[in-house]
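Start at 1 and go down the list; that is how both ligands and their atoms are numbered.
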Amino acid sequence: MAVHSLPTPVRLAQESLAPLFDFFLNSPFRKGREDPDACDFAFGNPHEMPLAGFTNALLAWTPPQSKDWFAYKDNEPVGQAAVAADLQQKLGIAFAPEDIALTNGAFAGLLVTCKAITEPGDEIIFNMPGWFFYEATIRQAGGEPICIRTRADNFDLDLDAIEAAITARTRAVIVNSPNNPSGRIYPAQTLKRLGEILTAASARHGRIIYLISDEAYRAIVHPGAQFTSPAAYYDNSFMVYTFGKVLLTPGQRIGYIALPPTMPDRESMRLALFTTQTTMGWAFPNAILQYALPELLNLSIDLNALWARIDRMGAALADMGYEVMMPEGTFYMNFVSPLEDDVAFSRLLMEEKVYCLSGNIMQMPGYLRLSLTANDGMVDRSLPRFARALAVTRQ
Ligand SMILES: Cc1ncc(COP(=O)(O)O)c(C=O)c1O
């Protein structure tokens, strides 16, 4: 009898994505999040009305101004130029407008980048704990994912482990700072050393190892912390960004991949990205979002309110006896599970209609992650419930 192997997406759903999909599709969260009494800390979703500036920009650019308003759109030059100017102002790097590839957020930016540079058998290194889709993204791009754990003491990059994992088949290393879920921003010193490691390894193996810098949370940095782009220390970098975090509009998909002006092979990389985007389902943002982009660049959720909420939540949980890990960036906060089994503790919280991610989903065992995109009312309602759940573990 012929043995049929399962399609790759099914295997991904059953393997690396299994804990996430189990929570998302099968747990009480699926229905429970709609209960008005729920406290939803699970994902980076909005729990307040969208920014008026965002809605106004979409409305302003919706009525057609020409016959080709809704023609095929790839990279609209006005959006590319605005992003390049924004990066110059915010990071001090002079990106060329034509080196900005507009994408459907960072999800697409990461997949398109991986696909553009990966040949069968190529390995791509990623760090865990980390965003739950890296392994699946690398596999979908046809690469071999190589998982490295961050340092156990502080969740920083383990540079020795990354260096040791590089082989003649390594094509890229993905780094995410500010990091989801740990909230860490990697220090400039670490990133400089990473650049040196990649330069030396590329020379040793006679082929370029790329750095894919996932900067989804670049704009969400604690007032006391400072962000440095990993791409600033390595010429062969792809900088991947999304507007879905800073605007809290992940359902309106827009972001970009930027190639630094110092990347040696920029022209072929530009073409590699363009070909990948056109042949992977015309993976460009919709026309209206592209027209509106210049007006989105200076919009942001209320970061003061966000950090005040994070600080308040952290202090309240610490007062109760939770061990809290405060973030330097992102809108996530982690705490140590009072039960050894973080999944069991997340179930206890679910009974209280409090939804957060257990560490098994992000390969961060023993922790739980809260997204403080929850609104202040949810924070207020959740505090006595966190106290009750903790009390249950001490009975
Ligand atoms: C680290 C990281 N990268 C990429 C993404 C994808 O972002 P978007 O949905 O805006 O494309 C996310 C979203 O959660 C993320 O946390």
**Message:** Could you check whether R388 pairs with E352 (Lys NZ or Arg NE/NH1/NH2 to Asp/Glu carboxylate O, under 4.0 Å)?
**Reply:** yes
**Asked** How long is the span from the OH atom in Y186 to the OG1 atom in T228, to the nearest 0.5 Å?
**Response** 13.0 Å
Quick one: table the atom pairs, ligand 1 N or O against protein N or O, below 3.5 Å, distance rounded to 0.1 Å.
residue, atom, partner, partner atom, Å
ligand 1, 3 (N), D214, OD1, 3.4
ligand 1, 3 (N), D214, OD2, 2.6
ligand 1, 9 (O), R253, NH1, 3.1
ligand 1, 9 (O), R253, NH2, 3.4
ligand 1, 10 (O), T242, OG1, 2.7
ligand 1, 11 (O), A106, N, 2.8
ligand 1, 11 (O), F107, N, 2.9
ligand 1, 11 (O), R253, NH2, 2.7
ligand 1, 14 (O), W131, NE1, 3.4
ligand 1, 14 (O), K245, NZ, 2.7
ligand 1, 16 (O), N180, ND2, 2.8
ligand 1, 16 (O), Y217, OH, 2.7

**Parallel, tilted or perpendicular, as decided by the 30° and 60° cut-offs, for the rings of F24 and F43** = perpendicular
**Fill in**
Hits for ring pair (Phe, Tyr, Trp, His ring centres under 6.0 Å) against W131, two or more places apart or cross-chain, chain-then-number order -> F107, F133, Y134
**Asked** Is the shortest distance from a Lys or Arg side-chain nitrogen in D380 or R312 to a carboxylate oxygen in the other one below 4.0 Å?
**Response** yes
**Item:** Distance-only donor-acceptor check, side chains T262 and D235, under 3.5 Å
**Value:** yes
